[in-house]
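Structure, as structure tokens:
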Amino acid sequence: MNKYTERVYNGIVKENPTFVLMLGMCPTLAVTTSAMNGLGMGLSTTVVLIMSNFIISALRKIIPDRVRIPAFIVIVASLVTVVQLLIQAYIPFLYDALGIYIPLIVVNCIILGRAESYASKFGPALSAFDGIGMGIGFSIALTAIGAVRELIGSGSIFGLGIMPASYEAVSIFVLAPGAFFVLAVLTALQNKFKAPSATNGSVVQSKLACGGDCMNCSGSSCMSNHSILETRRTQALEDALEQKKANVAKAQAELDAATAKKD
């Protein structure tokens, strides 16, 4: 598996933003009343993810560190506006269904999180593939949750009737509580079968002093966290070197003592 394929696989399986990292819960709970809505929101977010990752990565050496978050938001907001206008023009029924959640893609923690943790540190090509993986993973998650809610709540998937005519739809599943029910069952199953998830402590924790909370991090805080981490690494190397010197001195002393005793 090459590094580009690994980024796609990582976003879909190992670090799925919804099922593993539990990010972007607002659109996940709000728009997944049907499989079509979930797919529409997922693909919209995917387009923004790919383009924002690519542009931010290309500009990573130009954007000053202290204003990087505002700069990221401006870039993402510009792309979201383009996507919103395209959906409004060509897919009006989806625009009406998603409503306010399209412009809210700007502050989606998945997009800003990938911009901060990956795109700002790696090249444009890798960052674009990272966006593809995360976007596809998010789309699959939203479509799956929407399909379950639509199937139980109305007996259909993508508007196609699946259940027999005698089936009585459980309408609560297409309402707000239904999203919590589906997500709760999913999380319970993940914990039961020890699947990777942010809710069971299986996700690798950040080594940063702040715990890796990039969404609430300012420029100075970021620099401080990385400075602390670098200091810790330097101290660990110095301690290891001192321990190595002590071991060498101890071994030399034992050798000298053995030689003196032999003489």
Side-chain angles (χ1 to χ4, degrees), residues 8-9 11-13 15-53 76-77 79-111 113-114 131-187 189-190:
V8 175
Y9 175 79
I12 298 174
V13 180
E15 292 184 10
N16 185 285
T18 302
F19 293 152
V20 177
L21 301 181
M22 293 292 178
L23 297 176
M25 289 294 101
C26 178
T28 299
L29 297 173
V31 307
T32 54
T33 53
S34 69
M36 181 60 71
N37 288 354
L39 180 62
M41 174 57 74
L43 293 179
S44 302
T45 305
T46 300
V47 172
V48 176
L49 257 172
I50 296 170
M51 296 304 299
S52 64
N53 271 16
V76 173
L79 295 170
V80 169
T81 301
V82 173
V83 170
Q84 180 182 4
L85 293 175
L86 288 173
I87 293 176
Q88 186 177 9
Y90 296 103
I91 321 177
F93 75 91
L94 185 61
Y95 177 82
D96 293 336
L98 298 181
I100 189 62
Y101 294 101
I102 298 177
L104 282 179
I105 294 175
V106 174
V107 291
N108 190 315
C109 54
I110 300 172
I111 295 177
R114 298 319 293 176
I132 292 172
M134 285 289 169
I136 293 175
F138 188 59
S139 300
I140 291 173
L142 263 62
T143 304
I145 295 173
V148 172
R149 292 180 64 187
E150 184 180 4
L151 179 64
I152 300 176
S154 60
S156 61
I157 297 179
F158 288 105
L160 301 175
I162 302 296
M163 295 298 190
S166 58
Y167 174 74
E168 294 187 8
V170 185
S171 58
I172 193 173
F173 275 87
V174 295
L175 302 177
F180 289 94
F181 292 155
V182 174
L183 190 62
V185 171
L186 170 66
T187 303
L189 290 173
Q190 285 178 296

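Being a predicted model, the structure only gives us computed values, none of them experimental.
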Report task. Could you walk me through whether Met41 and Ile105 pass the side chain to side chain contact (heavy atoms under 4.5 Å, CB included) test, one step at a time? Result -> CA-CA 9 Å; Met41 174 57 74; Ile105 294 175; 3.9 Å; yes
Query raised in the report: Under 3.5 Å, is there a donor-acceptor pair between the side chain of Arg114 and the main chain of Gly131?
Result: no
Report summary line: Correct closest heavy-atom pair for Leu79 and Ser52 would be CD1-N, 3.3 Å
**Report entry** Closest non-hydrogen atom pair, Ala89 against Pro92
**Finding:** O-CD, 4.4 Å
Query - Ile152 vs Tyr167 side-chain heavy atoms within contact, under 4.5 Å - result: yes
**Report entry** Ile87 vs Ile102 side-chain heavy atoms within contact, under 4.5 Å
**Finding:** yes
**Report entry** Qualifying residues under side chain to side chain donor-acceptor pair (under 3.5 Å), relative to Ser156, sequence neighbours excluded
**Finding:** Glu150, Ser154
Report task. For Val80 and Pro103, work out which heavy atoms get closest and say how close. Result -> CG1-CA, 3.9 Å
Query raised in the report: Could you give the distance from CD (Glu15) to CG (Leu23), rounded to the nearest 0.5 Å?
Result: 9.5 Å
**Report entry** Closest non-hydrogen atom pair between Ser44 and Val83, with its separation
**Finding:** CB-CG1, 4.1 Å
Requested in this report: Nearest 0.5 Å please: distance from the OG1 atom of Thr143 over to the CD1 atom of Ile145.
Outcome: 9.5 Å
Report summary line: In short, Ile110 meets Leu49 closest at the heavy-atom pair CG2-CD1, 4.1 Å
Query raised in the report: What is the distance from atom CG of Leu183 to atom OG1 of Thr28, rounded to the nearest 0.5 Å?
Result: 7.5 Å
Requested in this report: List the steps and the verdict of side chain to side chain contact (heavy atoms under 4.5 Å, CB included) for Met134 and Ile12.
Outcome: CA-CA 6 Å; Met134 285 289 169; Ile12 298 174; over 6 Å; no
**Report entry** Validation row: Met51, Val82 side chains within 4.5 angstrom (heavy atoms)
**Finding:** no
Query raised in the report: Quick one: does Arg149's side chain have a donor or acceptor within less than 3.5 Å of a partner on Ala35's backbone?
Result: no
Report task. For a side chain to side chain contact (heavy atoms under 4.5 Å, CB included) with Phe138, tell me which candidate from Asn108, Ile111, Asn16 qualifies. Result -> Asn108
**Report entry** Spacing of Leu151 atom CG and Phe158 atom CZ [to the nearest 0.5 Å]
**Finding:** 12.0 Å
Query - Separation between CD of Gln88 and CG of Asp96, rounded to the nearest 0.5 Å - result: 8.5 Å
**Report entry** Atom of Val174, atom of Gly153 and distance for their closest heavy-atom approach
**Finding:** CG1-CA, 3.8 Å
Query raised in the report: CZ/Phe93 to CG/Asn37 distance, rounded to the nearest 0.5 angstrom?
Result: 8.5 Å
